[in-house]
There are 2 protein chains.
Amino acid sequence: MTTMKQIAQAAGVSVSSVSLVLNGHDAGRIKPAVAERIRQTARQMGYQPNALARSLRTNKTRMIGFISVQVATTPYAGGMIQGAQDALSELGYMLLTVSGDDATAIESEIRALKRYGVDGFLYSAMSNRVVDIPDSLAEFPLVLVDATDETNRFPSVEPDELRIGYDATTRLVEAGCERIAYIGCTEPMIAQTGRLSGYRQALEDAGRTPNERLICDVLNNGPALQAVEHLFDAEQPDGFFCFNDARAWYVYESAARRGLTIGHDLSVVGVDNHRVFAETLDPELTTIELPHYEMGYWAANKLVSQIEKRPINEDAWPHTTAMMPPLNTPSPVRIHCTLIEKGSVATRRASHSK
Amino acid sequence: MTTMKQIAQAAGVSVSSVSLVLNGHDAGRIKPAVAERIRQTARQMGYQPNALARSLRTNKTRMIGFISVQVATTPYAGGMIQGAQDALSELGYMLLTVSGDDATAIESEIRALKRYGVDGFLYSAMSNRVVDIPDSLAEFPLVLVDATDETNRFPSVEPDELRIGYDATTRLVEAGCERIAYIGCTEPMIAQTGRLSGYRQALEDAGRTPNERLICDVLNNGPALQAVEHLFDAEQPDGFFCFNDARAWYVYESAARRGLTIGHDLSVVGVDNHRVFAETLDPELTTIELPHYEMGYWAANKLVSQIEKRPINEDAWPHTTAMMPPLNTPSPVRIHCTLIEKGSVATRRASHSK
DNA sequence: GTGAAAGCGCTAACAT
DNA sequence: ATGTTAGCGCTTTCAC
């Protein structure tokens, strides 16, 4: 690794001149000819600044800590990390990822990140839920990703869960479904409550009365399939809104066992947590993809703009097919996510007695 | 952040004494009483060493760069990163994750990692394939994760693909399947070739002749389903070994459309790339889980032992249900992975005309 | 315009 | 047994 000192020697100038030039602080301070010579030699010698030395001096590391709280060991954060990374890479920052299962583990990871002097933190749980931010983070720049702060002290980027539920259900209504079931999850989290509310509200706005027997909250396990099968037989739904892809699969399997085809005999709209649908499931299944990547991307942009005390760059959104957020307002702010849909919903009334 | 200087003042000693004590280099150099006083004040003042300053001095950062090459933007590396992170956290290291789609992007990320002074690199593609390691990494400690080095210069940790294919196929043979199909992928990669070889070898060892018409290599897209459906009708297989869960889903769907049930009418063994099976698919489907977490964990241990020029700690394997590797041999080394299986395979002869 | 010098927080060789 | 000193590579103030 060549240093500024070496460049200074090679160019016959002092280190301070080199520093000034290489950092672009040479306007009217260093003679243009000399500046150019310095830049030349730096390039020739393949100079790369030592980020650590710089950080030690400036007290800024351009490193961001990404904390993800796993409930078990399932790594859900993939897309979000990816998005955060891409954004930070564009902004000249580095991402340090860290994770832990319980508060103690997280605390210890936070200490480690602090030793390395990160400029700020991104914080995510798995699935949008209310999280309790450790006090040890309180005085740092911090943005939550797909999570909600209990105390409302910090900005967050999350999907509009209510709207997810509302849009999905409306879609099923418009497709002509009359008995629309909700297959949700039993854990009390933002995503569950929000989507369920959206489901109810959409039905009411369509002039219907939500039928509690069509609401089926299940865990991620074996008995869930039986519960869904029971719902199938007892209530004969012709449309399903599924909390996530695991739930959608229960519907898929139950339908298959009854000789029914999704998109033909019945309609399903599911939320895709794992990005599996796109690769595997039937195109007739309508899915709402959680924009994990975009959440990470935006959260990172938000965090850095906060760190650098400048307004967020609204042009810096990623060029995905996903969506454009209606950009808003002072923090704490939740970015409302318009969501993409894939595939189509059966538009005629479904029948179980086909 | 309190510094050594502050501690020195508070304890009435010099910084060097503080440094010596806090780094455990005070054996017979600092009076035990003084040492204790120093440790006390350090604790009281909540001292956390400044990792950057230390690194600047020692030329070691205890940071590792994790490079993952995505082919598109699918974040496959989740489990591996998780494993690497956990291992490194135990070893007192920090992980810097980075990714890119093409060689240029990767090169630029590598430069960034070097600026931050990482001590070594982990390198992964998505799925076990032959990768071309950039020269810019050649002089650094480097371990490949779920990838194979073309030039054989670097150690790697990968699953034993041949054995995966062999074991899966053997399982189907033992379950009484007579017409065992292989649903693979068209890309030429280690995983594909290895598993296919294993499939062939298992059939031969069972005294059978592989039937080329039962081998179906498809892409991850729509036409794949048709190809599988065609295979279903033309060859009437009673057992399937699937390259990954996307392929398994094609089989699943084709079977459902024909009113056949996996585990009852036919047998399937699939390799689980996304950790989806375990959560969603039928327990009658036998899956071989790729030990992504373990690969990351082991690779990180291997890398650090290399960096610290000490033998790898063989007790440091993660306590998962997965497997114990027969620990071996000088680098470059491939860790042979014994794999877990989940669920059961139909043990009686399957029939399409049920 | 340019260079000398101080210092960020830490380690380690060298004095005492 | 403890303190003094000299940097690691860089930024930045202050002289010239």
Side-chain angles (χ1 to χ4, degrees), chain A residues 1-39 41-42 45-63 92 94 111-112 114-119, chain B residues 1-39 41-42 45-63 92 94 111-112 114-119:
Chain A
M1 290 272 94
T2 70
T3 70
M4 283 193 172
K5 198 173 173 182
Q6 296 172 3
I7 295 174
Q9 279 164 347
V13 293
S14 75
V15 254
S16 25
S17 302
V18 176
S19 173
L20 251 25
V21 170
L22 262 33
N23 289 305
H25 296 315
D26 60 318
R29 328 226 303 92
I30 305 286
K31 223 182 300 184
V34 181
E36 189 47 42
R37 196 172 72 237
I38 291 175
R39 272 186 285 267
T41 35
M45 303 177 69
Y47 174 72
Q48 292 285 107
N50 180 323
L52 267 52
R54 171 180 291 170
S55 297
L56 188 58
R57 197 61 248 256
T58 60
N59 222 12
K60 283 155 171 344
T61 57
R62 302 186 80 86
M63 300 195 296
M94 197 69 244
R111 271 199 305 280
K114 283 188 178 174
R115 282 199 296 272
Y116 282 92
V118 294
D119 293 337
Chain B
M1 289 273 91
T2 70
T3 70
M4 282 193 173
K5 200 174 174 181
Q6 296 172 3
I7 294 175
Q9 279 165 348
V13 294
S14 77
V15 254
S16 29
S17 302
V18 176
S19 173
L20 249 26
V21 169
L22 261 35
N23 289 305
H25 297 316
D26 60 318
R29 332 227 301 87
I30 306 286
K31 222 183 300 182
V34 182
E36 190 45 43
R37 195 171 73 236
I38 292 175
R39 272 187 285 267
T41 36
M45 304 178 69
Y47 174 71
Q48 291 285 107
N50 180 323
L52 268 52
R54 170 181 292 170
S55 296
L56 187 58
R57 195 61 248 256
T58 59
N59 223 10
K60 280 152 174 345
T61 57
R62 300 186 81 83
M63 299 194 296
M94 198 67 246
R111 272 200 305 280
K114 283 189 179 175
R115 283 198 297 272
Y116 281 92
V118 294
D119 293 336

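Computed from a predicted structure; not experimentally measured. Letters go in sequence order (proteins before strands), and every chain restarts at 1.
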Original post:
When all nucleic acid strands are considered with a 4.0 Å heavy-atom cut-off, which category describes B:S17: base, sugar-phosphate, or nothing?
Top reply: sugar-phosphate
Original post:
Can you name the residues that form a side-chain hydrogen bond (donor to acceptor under 3.5 Å, both in side chains) with B:T41, not counting sequence neighbours?
Top reply: none
Original post:
Listed by chain and number, what are the side-chain contact (heavy atoms from CB on, under 4.5 Å) partners of B:K31, not counting sequence neighbours?
Top reply: B:V34
Distance-only donor-acceptor hits, side chain of residues 7-20 of chain A, under 3.5 Å, sequence neighbours excluded:
from	atom 1	to	atom 2	distance (Å)
A:S14	OG	A:S16	N	3.4
A:S14	OG	A:S16	OG	3.0
A:S14	OG	A:S17	N	3.4
A:S14	OG	A:S17	OG	3.3
A:S19	OG	A:N23	ND2	3.4

Subject >> Non-neighbouring partners of B:D119 that pass side-chain hydrogen bond (donor to acceptor under 3.5 Å, both in side chains), sequence neighbours left out >> reply: B:T61
Original post:
Excluding sequence neighbours, so at least two apart, what forms side-chain contact (heavy atoms from CB on, under 4.5 Å) with A:A53?
Top reply: A:N50, B:L56
Subject >> Working for side-chain contact (heavy atoms from CB on, under 4.5 Å), residues A:V118 and B:M94 >> reply: CA-CA 12 Å; A:V118 294; B:M94 198 67 246; over 6 Å; no
**OP:** Check whether any side-chain heavy atom of A:M1 lies under 4.5 Å from a side-chain heavy atom of B:N59, and answer yes or no.
**Re:** no
Subject >> Nearest-nucleotide 5' precedence on DNA chain D, A:A51 against B:G12 >> reply: B:G12
Subject >> Range on DNA chain D touched by chain B, heavy atoms, distance below 4.0 Å >> reply: D:dA1 to D:dG9
Subject >> Sequence-distant partners of B:A51, side-chain contact (heavy atoms from CB on, under 4.5 Å), two or more places apart >> reply: A:R115, A:Y116
**OP:** With rounding to the nearest 0.5 Å, note down the distance linking CG in A:L52 to CE in B:M63.
**Re:** 5.0 Å
**OP:** Would you kindly compare B:T58 and B:S14 by the position of their nearest DNA chain D nucleotide and give the one closer to the 5′ end?
**Re:** B:S14
Original post:
Which residue lies toward the 5' end of DNA chain C, B:T2 or A:K31, if each is placed at its nearest nucleotide?
Top reply: A:K31
Subject >> Neighbours of DNA chain C within residues 21-29 of chain A, by heavy-atom distance under 4.0 Å >> reply: A:G28, A:R29
Subject >> Covered region of DNA chain C, 5' end to 3' end, by chain A [heavy atoms, under 4.0 Å] >> reply: C:dG1 to C:dG9
Original post:
For the helix from C:dG1-D:dC16 to C:dT16-D:dA1, how many degrees between its two end axes (five pairs per end), to the nearest 10°?
Top reply: 50°
Subject >> For B:R37, all residues meeting salt bridge (Lys or Arg N to Asp or Glu O under 4.0 Å), sequence neighbours excluded >> reply: none
Original post:
Looking at A:I30 and A:A35, what are the two nearest heavy atoms and their distance?
Top reply: CG2-N, 3.9 Å
Original post:
CE of B:M45 to CD of B:Q6: how many Å apart, nearest 0.5 Å?
Top reply: 5.0 Å
Original post:
How is B:T3 classified with respect to the nucleic acid when contacts are heavy atoms under 4.0 Å: base, sugar-phosphate, or nothing?
Top reply: sugar-phosphate
**OP:** Please list, chain by chain and in numerical order, all residues satisfying side-chain hydrogen bond (donor to acceptor under 3.5 Å, both in side chains) with A:T3, sequence neighbours excluded.
**Re:** none
